Amino acid sequence: MSDEQRLSVFKTYKLYVGGKFPRSESGRVYEVTARTSAADAAGKGKWLANAPQSSRKDARDAVVAARKAFGGWSGATAYNRGQVLYRVAEMLEGRREQFVREVADAEGLSKSKAAAVVDAAIDRWVWYAGWTDKIAQVIGGANPVAGPFFNLSSPEPTGVVAVLAPQESSFLGLVSVVAPVIATGNTAVVVASEKAPLPALSLGEVLATSDVPGGVVNILSGRTAEIAAPLAAHQDVNAIDLAGADETLAKELEIAAADNLKRVLRPQAVDYFRTPGTDRMTAFLETKTVWHPTGSLGASGSSY
């Protein structure tokens with residue numbers, strides 16, 4: 001038996017687009033370092049990996065993949081989408097230790113605090129899985145109208161949603177903005193935290209093995225402003241969540257998004273550990289209202 005020390009196999013992180021794992025078409029990468037208090041003082045932490053630095057072409061490719069997947073995902077039953085989201089939680093539970101390690105490095109947390117973040121993220125998938133077949137009953141229903149008509153309102157997904165993941169909460173925040181988008185039948189193009197993209201890129205590996213159809217979630221890493229600009233201006237993107245944008249960037253993207261009347265969810269202070277409401281689900285839903293005649297109304301009551 002050799003006494004030579006074994007060399008570690010370093011992980012090559014890749015993008016997640018259309019159910020596949022491409023490198024950036026530009027061939028660019030950037031260094032990702034661990035975040036610790038010592039690193040903050042020195043200006044640089046321990047090297048963790050080289051992450052792909054996505055280009056505008058990568059963003060466009062992700063939109064094409066998301067649009068292609070939209071018909072099948074939005075057409076699936078809400079119950080089936082719930083099963084898929086629950087499967088994501090199952091797979092994350094099996095890889096819990098990996099994500100605890102990655103979140104600890106990404107956010108400069110102790111192992112116990114990182115474990116709490118990962119557990120909350122897993123629970124968040126379960127929470128949204130339970131909402132997939134209930135949200136329609138909460139925000140839709142039959143409307144009372146004057147006249148012999150049935151009037152029914154029901155929510156429908158808005159389409160392709162660009163999501164700028166929170167910069168500081170690289171995993172729990174990420175899950176908290178992605179899960180509600182796909183729970184309601186939308187597809188997503190996600191821009192990971194610029195300084196801490198590794199948990200997001202690893203999430204792509206989980207999604208690929210969790211029955212989530214390719215293209216439903218597409219994950220890009222790189223410079224947030226560089227990737228977000230073409231997404232905000234893209235004519236085939238229907239909505240954008242600006243959670244990971246600062247005030248200046250958010251204003252620029254909101255102006256660009258107005259060109260094709262995208263729905264825009266502006267950045268806001270959020271405690272991602274708190275149980276979320278329905279706001280992020282309803283932000284990317286359209287309401288369809290149908291009128292249908294009931295027939296003549298006689299003196300003795302309705303005739304159908």
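Heads up: numbering here begins at 1 and tracks the sequence. Nothing here was measured: the structure is a model prediction, and the numbers come from that model.
For the pair Pro199 and Ser170, the tightest heavy-atom approach, listed with the atom from each and the gap, is CG-OG, 3.7 Å. For the residue pair Pro155 and Gly140, the shortest heavy atom distance occurs at CD-CA, 4.4 Å. Considering every non-hydrogen atom in both Ile227 and Ser221, the closest pair reads CD1-O, 3.6 Å. Here the shortest heavy-atom pairing between Tyr272 and Ser176 reads CD2-CB, 3.6 Å. Here the closest heavy-atom approach between residue Glu226 and residue Ser55 is recorded as OE2-CA, 4.3 Å. Here the closest non-hydrogen pair linking Leu172 and Ala120 is CD1-C, 3.8 Å.
In the hydrophobic cluster analysis, where Ile, Leu, Val, Met, Phe, Trp and Tyr join through side-chain heavy atoms closer than 4.5 angstrom, Val270 is grouped apart from Leu164. Taking hydrophobic clusters as Ile, Leu, Val, Met, Phe, Trp and Tyr residues chained together by side-chain heavy-atom distances below 4.5 Å, Tyr30 shares a cluster with Leu48. Cluster annotation: Val160 and Trp73 are assigned to distinct hydrophobic clusters (Ile/Leu/Val/Met/Phe/Trp/Tyr, side-chain heavy-atom contacts under 4.5 Å, transitive). Connection of Phe284 to Val63 is not established within any shared hydrophobic cluster, with ILVMFWY side chains joined at heavy-atom distances below 4.5 Å, either directly or through further cluster members. Two different hydrophobic clusters hold Val126 and Ile182 under the rule that ILVMFWY side chains link at heavy-atom gaps under 4.5 Å.
A salt bridge links Lys57 with Asp61: at least one charged nitrogen is closer than 4.0 Å to a carboxylate oxygen. The existence of a salt bridge linking Arg87 and Glu90 is confirmed by a sub-4.0 Å separation between a basic side-chain nitrogen and an acidic carboxylate oxygen. Ion pairing between Arg96 and Asp119 holds under the 4.0 Å rule for side-chain N and carboxylate O. The existence of a salt bridge linking Arg266 and Asp241 is excluded, since no basic side-chain nitrogen approaches an acidic carboxylate oxygen closer than 4.0 Å. Taking a cutoff of 4.0 Å between a charged side-chain nitrogen and a carboxylate oxygen, Arg60 and Glu25 do not qualify as a salt bridge.
Side-chain contact between Val189 and Val163 is absent, with no heavy-atom pair separated by less than 4.5 Å. Taking 4.5 Å as the limit, every side-chain heavy atom of Lys14 sits out of range of all side-chain heavy atoms of Leu201. When side chains are defined from C-beta on, Val181 does not count as touching Val177, because their heavy atoms never get closer than 4.5 Å. Taking 4.5 Å as the limit, some side-chain heavy atom of Gln167 sits within range of a side-chain heavy atom of Thr224. Put simply, the side chain of Phe171 reaches to within 4.5 Å of the side chain of Phe99, judged on heavy atoms. Residues Pro157 and Phe70 form a side-chain contact, since some pair of their non-hydrogen atoms from C-beta on lies under 4.5 Å apart. Under the 4.5 Å side-chain criterion, counting only non-hydrogen atoms from C-beta, Asn50 is not in contact with Val32. When side chains are defined from C-beta on, Val190 does not count as touching Asn218, because their heavy atoms never get closer than 4.5 Å.
Distance alone, capped at 3.5 Å, places no donor-acceptor pair between the Arg23 side chain and the Pro52 backbone. When atom types are taken as modelled, the side chain of Asp58 and the backbone of Leu220 share no donor-acceptor pair closer than 3.5 angstrom. Side-chain atoms of Ser169 never come within 3.5 Å of backbone atoms of Pro166 as a donor-acceptor pair (strictly under, hydrogens ignored). A donor-acceptor pair under 3.5 Å is absent between the side-chain atoms of Asp105 and the main chain of Ala34, judged by distance alone. Of the possible donor and acceptor atoms, one in the side chain of Arg263 sits under 3.5 Å from a partner among the backbone N and O of Leu285. Proximity of a side-chain donor or acceptor of Lys262 to a complementary backbone N or O of Ala162 within less than 3.5 Å is not detected. Side-chain atoms of Thr33 never come within 3.5 Å of backbone atoms of Trp47 as a donor-acceptor pair (strictly under, hydrogens ignored). With hydrogens and angles disregarded, a donor-acceptor distance shorter than 3.5 Å links the side chain of Ser24 to the backbone of Ser26. No donor-acceptor distance shorter than 3.5 angstrom exists from the side chain of Lys251 to the backbone of Glu247, with no hydrogens or angles considered.
A distance of 6.5 Å separates CD1 of Ile219 from CG of Leu174, quoted to the nearest 0.5 Å. Here the straight-line distance linking atom CG of Asp123 with atom CG of Leu92 works out to 10.5 Å at 0.5 Å rounding. Here the straight-line distance linking atom CD1 of Ile122 with atom CD of Glu93 works out to 4.5 Å at 0.5 Å rounding. Separation of atoms OG1 (Thr294) and CZ (Phe150) is listed at 6.0 Å; rounding is to 0.5 Å. If you take NE2 on His292 and CZ on Phe149, they are separated by 11.0 Å, rounding to the nearest 0.5 Å. Taken to the nearest 0.5 Å, the CZ atom of Arg28 stands 8.5 Å off from the CZ atom of Arg223.
For residues 183-208, the pairs satisfying side-chain hydrogen bond (donor to acceptor under 3.5 Å, both in side chains) are Lys11-Ser202, Lys11-Glu205, Arg95-Glu205, Gln98-Ser202, Glu102-Ser202, Thr184-Asn186, with sequence neighbours left out. Residue pairs meeting the salt bridge (charged side-chain N to carboxylate O under 4.0 Å, His left out) criterion with at least one member in residues 156-178, sequence neighbours excluded, are Arg35-Glu168, Glu156-Lys288.
Shown here is Lys134, whose NZ atom has more than 12 heavy atoms of other residues, nucleotides or ligands within 6.0 Å.
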Criterion salt bridge (charged side-chain N to carboxylate O under 4.0 Å, His left out) on Glu107 and Lys113, from CA distance to verdict = CA-CA 10 Å; Glu107 300 182 20; Lys113 289 183 178 180; over 6 Å; no
Do Ile240 and Val161 pass the side-chain contact (heavy atoms from CB on, under 4.5 Å) test, and can you show the C-alpha distance, the side-chain angles, and the key distance before you say yes or no?
-> CA-CA 5 Å; Ile240 186 167; Val161 180; 6.0 Å; no
Walk me through it: do Asn143 and Ser153 pass the test side-chain hydrogen bond (donor to acceptor under 3.5 Å, both in side chains)?
-> CA-CA 7 Å; Asn143 307 310; Ser153 294; 2.8 Å; yes
Report the C-alpha separation of Gln83 and Asp211 in whole Å, then their side-chain angles, then the decisive distance to 0.1 Å, and conclude whether the side-chain hydrogen bond (donor to acceptor under 3.5 Å, both in side chains) test is met.
-> CA-CA 9 Å; Gln83 289 177 308; Asp211 302 327; over 6 Å; no
Run the side-chain contact (heavy atoms from CB on, under 4.5 Å) check on Val117 and Leu109 step by step: do they pass?
-> CA-CA 10 Å; Val117 168; Leu109 302 176; 4.0 Å; yes
Evaluate the side-chain contact (heavy atoms from CB on, under 4.5 Å) criterion for residues Leu242 and Leu265: first the C-alpha distance (whole Å), next the side-chain angles of each, then the deciding distance (0.1 Å), finally the verdict.
-> CA-CA 6 Å; Leu242 301 176; Leu265 185 60; over 6 Å; no
Could you check Leu15 against Phe21 for side-chain contact (heavy atoms from CB on, under 4.5 Å), going step by step and ending with a plain yes or no?
-> CA-CA 5 Å; Leu15 307 176; Phe21 296 94; over 6 Å; no
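With sequence neighbours excluded, no residue forms a ring-ring contact (aromatic ring centres under 6.0 Å, His included) with Tyr128.
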